[in-house]
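Okay, so here's the structure we're looking at.
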Amino acid sequence: MIVRFGYVAMSLEIQDSSPSKTMTMARFARLPDRESGLRELERIASINLHNTLRLLRHNIAEGIEVYRFSSKLIPLATHTDLADWNPFIALAEPFAEIGALVRKHNLRVSFHPDHYTVMSTPRPEVLVSSVRDLRHHVNMLQAMGLDARAKNNIHIGGAYGNKPASADRFVEHFAELDFDIQSRITLENDDKTFTTGETLAVAQRTGLPMVLDIHHHWTNSEGEPASDWWQEVAATWESPLARTDVPDGEHLPPKIHASSPKSETDRRSHADGVEVKPLLDFLREAAKTSSHIDVMLEAKHKDHALFQLMRDFEMYKNEGVTKLSGAKIEVQP
DNA sequence: ACCTGTCAAGTCTGG
DNA sequence: CCAGACTTGACAGGT
C-alpha cells in the first residue's frame with residue numbers, strides 16, 4: 001500500500017508564512033470608511049493566498065502531496081454584515097495560480113470548515129450559516145479551478161440529546177444542498193459525539209466518502225481497533241457521489257487523519273508529533289484491503305512532525321516499510 | 001518585547 | 001436560563 005502524508009495549513013519550516021492572517025470586526029468598523037475596509041480585507045486575503053502558494057512550493061520541494069488549506073484565507077468572508085462583498089473578483093488571479101500548481105503536481109488538497117458548520121442542527125438560522133460556510137468553501141475551490149476531487153471535510157454535528165434524530169436531520173439537510181456542495185463533502189468521525197460506526201452509517205446513507213480519524217476513534221469508540229472499520233470506510237470512497245470528477249479507471253485514495261494524544265490526562269488534544277507505532281499498526285491492517293491511502297497529520301508541529309515521522313519510519317525498514325521519495329512510504333500488510 | 005483578553009460563528013455541561 | 005469550557009492563531013491593547 002502506498003501511503004502519502006500531509007499536514008494542515010501552516011509550516012514551522014517556512015518563516016512568516018501564515019495563510020490565516022485576519023482582521024476583527026472591531027478593527028473593520030474603526031477604518032475610515034467601508035470601501036477602505038474592504039480593500040484592507042482583500043489585501044490581507046492576498047497575503048494569505050501568497051503564503052499558501054509559498055507553502056505549496058515548499059510542499060512540492062519536499063515531496064509532500066497532501067495538504068489542507070486554511071479556512072481563514074479570506075477574513076470575515078461569510079460575515080453577515082459583508083454579505084454584498086464579493087472578494088473573488090480582486091482575488092481571482094492568486095486563487096487561479098494556486099489551483100494551477102495543485103493540478104500541475106497532482107496535489108491532494110482539502111478544506112476543513114470549522115465547527116460552526118453544523119448540518120445536524122435543528123435551528124434554521126444555524127443551518128443557513130452552515131450552508132453559507134459550505135458555499136464559501138466551494139467558491140474557493142472553484143476559484144482555484146479545482147474539481148470535486150478536492151473536498152471539504154466536516155463532522156456530522158451536535159447530538160441534541162437524540163443522536164439518531166440528529167443523524168436523520170443531517171441526511172435531510174444534506175439532501176437539500178446544491179450538487180456542487182454535496183459532491184465536495186467528506187464526513188469525519190468526531191472525538192466526542194458521532195463514533196466511527198455512526199458516522200459510517202450516515203456516509204452510507206448519503207453516499208458521502210468518510211475520512212477516518214484514528215485519534216478521534218481512540219477517544220470515542222467502544223475500544224475496538226479502528227482497523228475493524230477499514231474495509232467499510234474505504235468502500236465509501238467508491239460511491240458514485242464520492243467519485244464525482246474521478247476519471248474512469250482511476251481512484252481517489254481513501255483518507256485518514258492521524259494524531260497522537262497530548263498526554264495521559266489530556267487524551268483528546270493533539271500532541272506536538274505523531275507516534276509512529278500505533279499509526280503503523282493501523283496502516284498494516286489497512287494495507288490488507290487498500291492499495292493507496294492518504295494520511296493527514298494533525299500535530300502541533302505541523303510539517304516538522306511530518307519530517308520526524310518520516311525519519312521514525314526508517315526504524316521499520318526491515319519490517320515491511322519502504323521509504324519512497326518525498327513524504328511517501330510503502331507498507332506491506 | 002512580552003503578556004493577556006478577545007474574536008463572527010455552536011454545542012454541551014454544570015450551576 | 002446563563003456562564004464557561006472547548007480549541008485556535010492572531011489581533012489589539014496594555015505594561
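Protein chains get the first letters and strands the later ones, always in sequence-line order, with residue 1 at the start of each.
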Rounding to an integer number of angstrom, what distance separates [N] and [M] when you compare their [atom1] atoms?
N: C/dT8; M: B/dC2; atom1: P; result: 24 Å
N: C/dT7; M: B/dG14; atom1: P; result: 15 Å
N: C/dA10; M: B/dG10; atom1: P; result: 23 Å

Exercise. Would A/Y116 count as stacked on B/dG10 if the rule is ring centres under 5.5 Å and plane angle under 30°?
Worked result: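 A stacking contact does not exist, since A/Y116 is not both close and nearly parallel to the base ring of B/dG10.
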
Exercise. Do NZ/NE/NH1/NH2 and the carboxylate oxygens of A/R243 and A/E250 come within less than 4.0 Å?
Worked result: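 Judged by the 4.0 Å cut-off on N to carboxylate O distance, A/R243 and A/E250 do not form a salt bridge.
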
Exercise. In B/S/- notation, 5' to 3', how is nucleotides 8-15 of chain C contacted by protein heavy atoms closer than 4.0 Å?
Worked result: SSSSSS--

Using a cut-off of strictly less than 4.0 Å, decide whether [X] has a side-chain nitrogen or oxygen near OP1 or OP2 of [N].
X: A/R132; N: B/dA9; value: no
X: A/Y160; N: B/dT11; value: yes
X: A/T121; N: B/dT11; value: yes

Exercise. When Watson-Crick pairs (N1 to N3 and N6-O4 or O6-N4) and G-U wobble pairs (N1-O2 and O6-N3) count only below 3.5 Å on both distances, what is the dot-bracket string of DNA chain C, with | for other-strand pairs?
Worked result: ||||||..|||||||

Distance-only polar pair, side chains of [X] and [Y], donor-acceptor under 3.5 Å:
X: A/T195; Y: A/N220; value: no
X: A/S70; Y: A/S20; value: yes
X: A/H301; Y: A/Q308; value: no

Exercise. Is it true that atom CD of A/Q231 has more than 12 heavy atoms of other residues, nucleotides or ligands lying nearer than 6.0 Å?
Worked result: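 No, CD of A/Q231 has 12 or fewer neighbouring heavy atoms, counting only those of other groups under 6.0 Å.
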
For this session: Could you name each residue pair satisfying side-chain hydrogen bond (donor to acceptor under 3.5 Å, both in side chains) that touches residues 323-332 of chain A, not counting sequence neighbours?
Result: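 For residues 323-332 of chain A: A/E65-A/K328.
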
